[in-house]
Amino acid sequence: MRKSLAFTLPLMIVAFVLTACGSFEGSIMDSGEEKVLIIGMDSEADTLDPMRFNGWVSYRVTRTIHESLVTEDLLSPEDQVPSIQPELAKEWDVSEDGMTYTFYLEEDVYFHDGTPFNADAVEFNVRRAWDESFEYFDPNSAANLTQVYGHVKGVRAIDEHSVEFTLNQPYSPFIRMLAIGGMGSTGIASPKAIRTYGNDGYAENPSGTGPFKYDARVMSERIEVVANDQYWREIPELDRVIFRPIPDDSARTMALQSGAVDSYSDHYQTVFHG
């Protein structure tokens, strides 16, 4: 499962943003009040719903807002399989027959809307993309995450901070697929936000547990996220990240050279100004 350049490089900007950019010495705009990173993208993001998006452009944005139970180490050397790292799940057990996975969740974690992250939230998100009988079942999410949840037989919250998956057969890539997702990701969304705005409205009102919170979007112009000052891990040193879609390659390069953006990322490279 080696990552090709087309797979690895677009993810580097995600790793860069998620590490808070505290040691970056490039051209991050510091207005005296805010530290702002402006990222040029090679196309418009399609949706900010982590389960519904298609493509790496949307992933780069939604990944700053949403987190998953587990993740990959995006800074692993290109010639190695990225290691699986805990994220919202601090540890997990796998039964001897490979058909039961129990995840033990981080505590004192909250969604951006103030509601608590817990095992019920995990069950809600999984059922949204897996359980056709669920009130908030979303066929679009289910189609995107078939590779992840296709062998799931059941999911249940054992207690507030433990959740159990049972499979209908052993499926050794399950942990890896939870980390990388399918067409969409396994980013955990606030159940309250989905209940409030519905499956179709959530993308305009995303609420995750990530280091940045959704702030604003102007289609074909920008998406803005701001630092989550209640983040359960280290609070980002950046105050704001602005994603600007610039589809034309020449225009994107000129924007970088002029300082209109601090970096740009496409399917083949991530480039920083300065």
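Remember, predicted model here, so these are calculated numbers, not experimental data. Quick note: residue numbers are just sequence positions, from 1.
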Passing candidate, side chain to side chain contact (heavy atoms under 4.5 Å, CB included) with [X], options [options]:
X      : options                        : value
Glu72  : Arg176, Glu87, Gln85           : Arg176
His112 : Val226, Ile65, Thr209          : Ile65
Ser207 : Tyr214, Tyr197, Tyr110, Phe111 : Phe111

Criterion side-chain contact (heavy atoms from CB on, under 4.5 Å) on Ile39 and Val261, from CA distance to verdict: CA-CA 6 Å; Ile39 300 172; Val261 301; over 6 Å; no
Verdict with reasoning, Tyr101 to Phe174, per ring pair (Phe, Tyr, Trp, His ring centres under 6.0 Å): CA-CA 9 Å; Tyr101 290 73; Phe174 184 58; 4.9 Å; yes
When rounded to the nearest 0.5 angstrom, what distance separates [atom1] in [X] from [atom2] in [Y]?
X      : Y      : atom1 : atom2 : answer
Ser95  : Glu164 : OG    : CD    : 8.5 Å
Ile246 : Glu221 : CD1   : CD    : 11.0 Å
Asn228 : Arg233 : CG    : CZ    : 11.5 Å
Arg60  : Met41  : CZ    : CE    : 8.0 Å
Ile235 : Gln230 : CD1   : CD    : 7.0 Å
Tyr149 : Arg127 : OH    : CZ    : 13.5 Å

Would you confirm whether [X], through its side chain, and [Y], through its main-chain N or O, come within 3.5 Å as a donor-acceptor pair?
X      : Y      : answer
Arg222 : Ile242 : no
Thr146 : Ala142 : yes
Asn144 : Phe53  : yes
Thr62  : Pro50  : no
Asn168 : Lys153 : no
Asp46  : Asn54  : yes
Asn125 : Ala189 : yes
Trp130 : Gly150 : no
Asn118 : His161 : no
Ser58  : Gly55  : no

Audit row: Lys90, Glu106, salt bridge (Lys or Arg N to Asp or Glu O under 4.0 Å) steps and yes/no: CA-CA 6 Å; Lys90 56 188 176 183; Glu106 293 285 353; 5.4 Å; no
Between [X] and [Y], is any pair of side-chain heavy atoms under 4.5 Å apart?
X      : Y      : result
Leu105 : Val163 : yes
Pro236 : Pro211 : yes
Val225 : Phe243 : yes
Val148 : Thr186 : yes
Leu48  : Val61  : yes
Leu88  : Phe117 : yes

Between the side chains of [X] and [Y], does any donor sit under 3.5 Å from an acceptor?
X      : Y      : value
Arg63  : Thr71  : yes
Arg52  : Asn199 : no
Thr100 : Thr166 : no
Ser162 : Asp159 : yes
Asp49  : Thr47  : no
Asp93  : Tyr104 : yes

What closest approach, in Å, do [X] and [Y] show between heavy atoms, and which atom pair accounts for it?
X      : Y      : value
Ala121 : Ile188 : O-CG2, 4.4 Å
Gln147 : Tyr171 : O-OH, 2.9 Å
Asp248 : Ala251 : OD2-N, 2.8 Å
Arg252 : Pro247 : NH1-O, 3.3 Å
Leu145 : Ala129 : CD1-CB, 3.9 Å

Charged N-O contact under 4.0 Å between Glu44 and Arg244: no
Cationic N near anionic O, under 4.0 Å, Glu224 to Arg240: yes
Stepwise side-chain contact (heavy atoms from CB on, under 4.5 Å) test for Ile194 and Phe124: CA-CA 10 Å; Ile194 294 173; Phe124 181 102; 3.7 Å; yes
Plane angle bin for His66 and Tyr202 - parallel if under 30°, tilted between 30 and 60°, otherwise perpendicular: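 Tilted, since the angle between the ring planes falls between 30° and 60°.
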Glu132 atom CD, over 12 foreign heavy atoms within 6.0 Å: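 Count not over threshold, so no.
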Worked verdict on Phe212 versus Tyr231 for ring pair (Phe, Tyr, Trp, His ring centres under 6.0 Å): CA-CA 8 Å; Phe212 290 88; Tyr231 188 45; 8.6 Å; no
ILVMFWY cluster, Met183 and Val57 together (side-chain gap under 4.5 Å): no
Same apolar cluster (I L V M F W Y, side chains within < 4.5 Å links), Met99/Ile175: no
Criterion side-chain contact (heavy atoms from CB on, under 4.5 Å) on Val122 and Leu69, from CA distance to verdict: CA-CA 9 Å; Val122 176; Leu69 293 177; 3.9 Å; yes
Steps toward side-chain contact (heavy atoms from CB on, under 4.5 Å) verdict (Thr196, Asn205): CA-CA 10 Å; Thr196 300; Asn205 303 274; over 6 Å; no
